[in-house]
Protein chains: 4
Amino acid sequence: MDIKKKIIEQSIQLFEMKGFSETSIQDVVEALGVTKGTFYYYFSSKEQLLREIHLMYIDGLLKLQEQIMENPGTRYQTKLYETVKLLITQIKVTGRPARVFHREMRHLKPESASMVKQKRKLFRLNIQKIIESGMEHGEFRQDLRADLVAFAILGMCNWSYNWFDPNGPVTDEELVETYMETLLNGIVN
Amino acid sequence: MDIKKKIIEQSIQLFEMKGFSETSIQDVVEALGVTKGTFYYYFSSKEQLLREIHLMYIDGLLKLQEQIMENPGTRYQTKLYETVKLLITQIKVTGRPARVFHREMRHLKPESASMVKQKRKLFRLNIQKIIESGMEHGEFRQDLRADLVAFAILGMCNWSYNWFDPNGPVTDEELVETYMETLLNGIVN
Amino acid sequence: MDIKKKIIEQSIQLFEMKGFSETSIQDVVEALGVTKGTFYYYFSSKEQLLREIHLMYIDGLLKLQEQIMENPGTRYQTKLYETVKLLITQIKVTGRPARVFHREMRHLKPESASMVKQKRKLFRLNIQKIIESGMEHGEFRQDLRADLVAFAILGMCNWSYNWFDPNGPVTDEELVETYMETLLNGIVN
Amino acid sequence: MDIKKKIIEQSIQLFEMKGFSETSIQDVVEALGVTKGTFYYYFSSKEQLLREIHLMYIDGLLKLQEQIMENPGTRYQTKLYETVKLLITQIKVTGRPARVFHREMRHLKPESASMVKQKRKLFRLNIQKIIESGMEHGEFRQDLRADLVAFAILGMCNWSYNWFDPNGPVTDEELVETYMETLLNGIVN
DNA sequence: AATGAATGAGGTTTCATTCAT
DNA sequence: GATGAATGAAACCTCATTCAT
C-alpha cells in the first residue's frame with residue numbers, strides 16, 4: 001500500500017484516540033517509521049490531511065445514501081430504515097473515521113469546513129426529503145416538521161458513535177430495530 | 001464578582017468559540033486584564049479549570065433532573081417531557097458551557113473524566129429509570145429496551161447543541177413538542 | 001543592563017556578522033545564556049526585533065541631523081560637512097547597527113518597512129533641503145538637481161559601510177575631508 | 001534556450017524579488033515547471049548557482065571596463081565618464097542581476113567569495129588607476145587620495161541600484177551628467 | 001537527462017507552568 | 001492576592017540535498 005494511504009490510516013487511528021490537536025505529526029510519522037519530511041511531501045499541512053479524511057468519509061457516506069434514495073419501489077419507511085441502518089452499521093465498519101469526522105470538524109480551515117458542511121447538509125436534506133415524500137404519500141404523519149424530525153434522527157444515530165460498541169452486548173441490528181420502532185411508532189403503549 | 005468566577009466564565013466563552021486546546025491561558029487572562037500568575041493562584045492547571053466547568057455543569061443538570069424525578073404524582077410521560085424540555089432549554093440558558101461540556105471531555109485527565117462520566121451516566125440512568133417505571137405502570141411499551149431508548153433520547157437532545165439556535169426561526173417549545181411527539185407516538189400515520 | 005537591551009545588542013552583532021536570515025533565535029539566546037522562551041517574552045517575533053533595531057537607528061540619526069539642521073548661523077557648506085561627518089563617524093560609533101540597517105531592510109514586514117522607509121526618506125529630504133537652501137543663498141551651483149545630488153552624497157557615504165574600517169590606515173577625518181573636497185570643488189585640476 | 005540558462009535567469013529574478021535566503025530551490029524549479037532533481041543535475045548546490053550569477057555579472061562588467069581602459073587617446077575625464085555611464089546604464093540593462101550581485105555576496109562560501117571579491121577589487125583598482133593617471137597627466141587635482149575618490153565614485157554609482165528607476169522621471173543620461181558634474185567640478189558656486 | 005520519493009536538520013513560534021518577589 | 005520574568009518541551013513546517021530509477 002502506498003505511503004500516503006498509510007499516513008491517512010495511521011492519522012485516523014491517532015486522531016480518534018487522542019484527538020486532532022493532541023496528535024502531532026511526529027506521532028504519526030513515528031508510528032509509521034518515516035520522517036516528518038515524508039509527511040510534508042504528501043501533505044501540505046496537518047489541516048489538509050484532516051480535510052482529506054473528512055471528504056473521504058462524507059463522500060463515501062453520500063454515495064451509499066444515493067443508493068438508498070434511488071432504489072425504486074421501496075416504501076419510505078424502508079428508505080428511512082436503510083438510512084438508520086447505514087449510519088449505525090458504519091460504526092462497526094468505519095468507527096474510527098466516523099468519530100474523527102464528528103469531533104474534529106472545528107479544526108478545518110473555513111474553506112475546507114464549508115465544503116464539508118455543504119456535503120453534511122446534503123446528507124441531512126436527503127433524510128428530510130425521505131420524510132417529506134413519505135408524508136405526501138400518506139406513510140407519515142403530516143403534523144410534524146420534516147426538518148426537525150430529520151435532525152432528531154441524525155442526532156439519535158450520530159450520538160451512538162459516543163457510546164455504542166458494536167462488539168458489545170447489543171448488536172447493531174438490535175439497536176437499529178429499537179431506533180426504528182421508537183421513531184416510527186413511538187414508545188407509548 | 002470574584003475573579004475566579006470571572007476566569008471560569010471567560011474560559012467557557014473562549015473554549016466554546018475556539019476549543020479547549022486552541023485557547024491558551026494567555027488568551028483567558030488577557031481578556032480579563034489580569035496575568036498568568038493570577039490564573040495559577042486560583043487554578044492549579046488548565047485541566048483543573050476544565051474539570052470545574054464540567055462539574056459545575058453536570059451538577060446543575062443533575063439538580064434540575066432531581067426535581068423532575070421527585071415531583072410526586074406526575075405521569076412518566078410528563079417526566080420525560082420535562083427532561084427533554086430541560087435539555088433543550090439549557091441551550092438557550094447555558095448554550096456555551098453545554099457545548100464545552102459535550103465537546104471537551106476528552107481533555108480531562110482520567111481521574112477527572114471518570115468523575116464526570118459517572119455523573120453523566122447517572123443522568124442517563126435516571127432517564128432510563130423513568131422509562132422503566134413508565135413501562136411497569138403501563139404507560140410505555142414493554143417490548144423495547146429502556147437503555148437503548150434512553151440513549152436515543154439523549155442523542156436526539158444533545159445533538160441539538162450542534163445546530164439548534166434558540167434565537168432562530170424555530171422556538172425551543174416547538175422543538176420539544178416535535179421531539180416528544182416523535183418519541184411518544186412515532187411518525188407513522 | 002536589562003535583558004531586552006542585551007538581546008538587541010547581541011542580535012545586532014550576529015545579524016551584522018551572519019545576516020538576518022542566517023541568524024537563528026537559537027543563536028541569539030545561546031550567546032546570552034537564556035532560552036528561546038525568554039526571547040519571545042520580550043519580542044513577539046524575529047521581525048519585531050529587527051524593526052526595533054531599525055527604528056532605534058534611524059531615530060537616533062534623525063535626532064542628530066536635527067541638531068545640524070537647526071544650528072543657526074552656519075553656512076550650508078558647513079551643514080553639509082556636518083552631515084557627511086555624521087554619517088562617516090557613525091561607522092566608528094555604531095558600525096554594526098548601521099550595517100544591519102542598510103542590509104536587512106528587506107526582512108521587515110510591509111508595515112514596518114514603510115514606517116522605516118518614511119524616516120529614511122525624511123533624512124534624505126533634509127539633505128536635499130540643505131542643498132536647495134544653499135543654492136538659494138548662492139553658496140551652491142544652481143544648475144544641478146538637488147535631489148540627485150542628495151542621492152549622490154548618500155551613496156558616497158553609505159557605501160563606506162561596505163569597506164571603511166575606522167581602525168584602518170585611513171582616519172574618518174581624512175575620509176570626510178576627501179568626500180567633502182570632491183563634493184564641493186570636484187576633482188578636476 | 002537550454003535549461004541551465006533558464007534556471008539562472010529565473011533564479012536571478014526570484015533572488016532579486018525575495019532575496020537569496022528567502023528563495024527556495026523549490027520556488028525556482030516550480031516557476032520553470034521542472035523538478036528539484038533537474039536543478040541538481042545542473043548545479044551542485046544553491047551556492048554554486050549564486051556563484052555563477054556573481055561571476056557572470058562581474059566578468060561582464062570587467063570586460064566592458066577593459067574596453068574603456070584600453071580605448072587609446074581618450075582623456076581620463078572621458079574614461080571616468082564612461083565608467084560612471086557604464087555602471088548607471090547597467091541598471092537599465094541588467095538591473096536585476098546587479099541588485100542580486102550587490103546584495104547577496106554574503107551568501108557565497110569563502111572560496112567563491114574571495115574569487116568574486118578579487119574581481120570586484122580589480123574593477124575598483126581600475127577606476128583608481130584612471131584617477132591616478134589623470135593626476136599624473138594634470139587632468140585631476142593631486143591633493144586627493146585616488147583610492148578614496150575611487151570609493152566615492154563607486155559608492156555614488158552603486159547606491160543608485162537602491163533607488164534609481166530607469167523608467168522613472170529621471171533619465172539615466174541625466175543622472176550620469178549630474179554625477180559627473182558633481183564629481184569633476186563640485187557643487188560650490 | 002530527468003524524476004520523485006525521502007531525509008534530517010534546523011527554523012520560528014507557542015504555551016503550560018514555576019517561582020521569587 | 002497578584003505579578004512578571006523565565007523556562008523548556010514540543011509544535012508545525014521548510015528546505016537543501018541525496019539517490020535509485
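The chains referred to below are lettered A, B, ... by the order of the sequence lines, with proteins before strands, and numbering in each begins at 1.
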Next item on the list: Would you check if the side chain of C:Ser45 reaches a backbone N or O of C:Gln48 as a donor-acceptor pair within less than 3.5 Å?
Entry: yes
Length of the [atom1]-[atom2] vector between [X] and [N], whole Å:
X        : N      : atom1 : atom2 : value
D:Glu30  : E:dT3  : CD    : C1'   : 15 Å
B:Lys6   : F:dA2  : NZ    : C1'   : 14 Å
D:Lys109 : F:dA16 : NZ    : P     : 15 Å
A:Lys4   : E:dA6  : NZ    : P     : 13 Å
D:Ile7   : E:dA2  : CD1   : C1'   : 11 Å

Checklist line | Close aromatic pair by centroid cut-off 6.0 Å: C:Trp159 and D:His102 | finding: yes
Next item on the list: Output, in order, the C-alpha distance, side-chain angles, deciding distance and verdict of side chain to side chain contact (heavy atoms under 4.5 Å, CB included) for A:Asp2 and A:Lys5.
Entry: CA-CA 6 Å; A:Asp2 72 66; A:Lys5 248 182 200 138; 3.9 Å; yes
Note to self: Across nucleotides 12-21 of chain E, 5' to 3', mark each nucleotide with B, S or - according to how protein heavy atoms within less than 4.0 Å reach it.
What the structure shows: BBBSBBB---
Margin query: Within 45 degrees of the ring normal and closer than 6.0 Å to the centroid, is that where the cationic atom of A:Lys46 sits relative to A:Phe20?
Written below: yes
Checklist line | NZ or CZ of C:Arg96 within 45° of C:Tyr57 ring axis and under 6.0 Å | finding: no
Next item on the list: For E:dT21, give its Watson-Crick or G-U wobble partner with both distances under 3.5 Å, or none.
Entry: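 Matched E:dT21 with F:dA2 under the 3.5 Å cut-off.
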Checklist line | E:dA1 - base-pair partner by Watson-Crick or wobble geometry, distances under 3.5 Å | finding: none
Notebook entry, point to check: Does a donor on one side chain and an acceptor on the other come within less than 3.5 Å for B:Glu22 and A:His107?
Noted result: yes
Margin query: Checking contacts here: which listed nucleotide (E:dA6, F:dA2, F:dA6) is nearest the side-chain heavy atoms of B:Tyr42?
Written below: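 The answer is F:dA2, which lies nearest to the side chain.
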Check: Is any side-chain N or O of C:Thr35 closer than 4.0 Å to OP1 or OP2 of F:dT7?
Finding: yes
